[in-house]
K.L.:
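What follows is a structure written as structure tokens; I'll ask about it next.
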Amino acid sequence: MSKYRIFVLAGTATLLVGSLSALLGGWSPGLAIALGSAAALFAATLHAHRQRQRTLRQLTTCLHDLAHGHPVHALHTAAPPELKELVDAWNYLATTLPEHIRHLSRERALWRAILDHTGEGLLVVDPTGRVPWFNPTAARLLGVSQHTQQPLSLGTLVHHHRIIHLWQRCQTQGETQEDVLELPATRRTVRVRVIPLRHDDTPHALIVLEDITYVRQLETTRRDFISNISHELRTPLASLKAVVETLRDGALDEPTIARRFLTHIEREVDTMVQMVEELLELARIESGRLPLRFVPVPVTDIVMPVVERFQPQAERAHLHLSAHLPSPSPQVLADPPRAQRILANLLHNAIKFTPAGGEVQVTVTPRERDVCIAVRDTGVGIPADQLPRIFERFYKVDRARTGEGTGLGLAIAKHLTLAHGGRIWVESTEGEGSTFYFTLQRATSP
Ligand code: ADP
């Protein structure tokens, strides 16, 4: 009820009381008006008191809701003048707060997503050595579940004394600590940085785990490559040097011996030239600088020319070489000379590693999306523990036995198959033979 209406009511009451008393009781009108005014004043004061009490109660409830994180709302009741400013301030807060909260929640969700998807493992460590938070990458690197009951101690999570020492040094010195180590659970090589966090009085630390396994593998591959190539070149170069010295020491004057040595020199030089050419080709395929021209072609046109080319070689080695193709021949999407090169490298090995009297078979199997070409031999086979490395550059199972090869044939076959969007693999039993498989994608009908 507004103040204006109260005073109107009170005035009306005063007039009525005055008039009635004058009419009925014969009171003096002045006394009646005084009594009426007092009654009106009392009523107004009582009403104002009640309104103030109600507003204060409502404000208390609102603040209670705010303190307990419940949704808040504006007050729409009329406030007494002394509380009006307070109610207005509350109403402003109640209308703007939800938007602030929404904004903060969005920002929090965004940061959460960034931290969850970052490629680095992140762990926050509190001053007591407990880990209140870590991201999924850290969980993956450490081989633990992200939903482990938290907070766990740093030691339980990382299982590595060097990380704990880094954290302890960071605590005492207040400076970032760094190290490179291998995580025991997942065998990943990581660069660990422990960074002091000084956002409040409790000195937390942030542990950053950067997975550098791949970089380390690349470094190892590069080192192996350099050592392999040096080894491959040293042998023919040493042999050439010995031959040249022998010639200079007198063999040059004996034409038969000189001619034999010249043939030897030529063979060594040919091997080195072939190796350099294959290395260059491999580098071109790997870097994508060898442009492949894919055309739809019947798989017979890939397989048969190679099989026919190797037929005389197989006969000389007393091997039975056969090809088994489906009819009609499925179409594949391939760069024909490069696809033939894959098969040629596999056939060359099959013939080289199969003793006389053995068998070499090329089989073509059409599948739903691709065509699988298998080269099976009944040769020496490959020991099971060597199979995973067989497609590496320069890898040879038995260096003494396969001395004349460059060790690059399978690496080239692998990279050419990958460039065709296919897969290459091997199954072998030592002493019984090997089967090499590679796939070419089917040409989709136009
Ligand atoms: P290269 O034949 O020139 O030595 P490759 O890369 O073609 O090089 O082959 C690597 C090694 O894999 C060979 O040295 C040999 O030890 C092994 N290998 C490849 N194919 C066969 C096969 N069909 N049977 C047995 N061993 C094989």
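Just so you know, residue 1 is the first one in the sequence shown, and it goes up from there. Order of listing sets the numbers, starting from 1, for every ligand and every atom in it. Values in this document were obtained by computation on a predicted structure and should not be read as measured data.
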K.L.:
If you count the atoms of ligand 1 from 1 in the order shown, which ones are under 4.0 Å from a heavy atom of Tyr395?
P.N.:
10 (C), 11 (C)
K.L.:
Heavy-atom distance to atom 6 (O) of ligand 1: which of Val397, Leu410, Ile351, Leu346 wins?
P.N.:
Leu410
K.L.:
Decide, yes or no, whether a salt bridge links Arg102 with Glu99 under the criterion of side-chain N to carboxylate O below 4.0 Å.
P.N.:
yes
K.L.:
Give the single entry among Gly433, Gly407, Pro383 that approaches atom 8 (O) of ligand 1 most closely by any heavy atom.
P.N.:
Gly407
K.L.:
Could you tell me whether some N/O pair between Ile382 and ligand 1 is separated by less than 3.5 angstrom?
P.N.:
no
K.L.:
For ligand 1, which atoms, with element, lie under 4.0 Å from some heavy atom of Gly409?
P.N.:
5 (P), 6 (O), 7 (O), 8 (O)
K.L.:
Which atoms from ligand 1 have a heavy atom of Ile390 less than 4.0 Å away?
P.N.:
12 (O), 17 (C)
K.L.:
Within the structure, is a non-hydrogen atom of Phe391 found at a distance of less than 4.0 Å from ligand 1?
P.N.:
no
K.L.:
Does some non-hydrogen atom of Lys352 fall short of 4.0 Å from ligand 1?
P.N.:
yes
K.L.:
Please list, in number order, the atoms of ligand 1 under 4.0 Å from a heavy atom of Gly381.
P.N.:
25 (C)
K.L.:
Are Asp270 and Arg267 ion-paired here, with the side-chain N under 4.0 Å from a carboxylate O?
P.N.:
no
K.L.:
Salt bridge between Arg216 and Glu182, side-chain N to carboxylate O under 4.0 Å?
P.N.:
no
K.L.:
Give me each pair satisfying side chain to side chain donor-acceptor pair (under 3.5 Å) with a member in residues 83-95, each pair once, sequence neighbours excluded.
P.N.:
Lys84-Asp88
K.L.:
Heavy-atom contact check, 4.0 Å cutoff: does Ser434 meet ligand 1?
P.N.:
yes
K.L.:
Taking the side chain from His420 and the backbone from Leu416, do they hold a donor-acceptor pair closer than 3.5 Å?
P.N.:
yes
K.L.:
Any idea which atoms of ligand 1 are less than 4.0 Å away from a heavy-atom of Leu408?
P.N.:
6 (O), 8 (O)
K.L.:
Parallel, tilted or perpendicular for His161 and His165, by the 30°/60° rule?
P.N.:
perpendicular
K.L.:
Does either side chain, that of Arg188 or that of Thr186, offer a donor lying less than 3.5 Å from an acceptor on the other one?
P.N.:
no
K.L.:
Does only the side chain of Asn345 get under 4.0 Å from ligand 1, or the backbone, or both, or neither? Count heavy atoms.
P.N.:
neither
K.L.:
Within the distance-only criterion (no hydrogens, no angle test), does the side chain of Thr213 pair as donor or acceptor with the backbone N or O of Thr189 below 3.5 angstrom?
P.N.:
yes
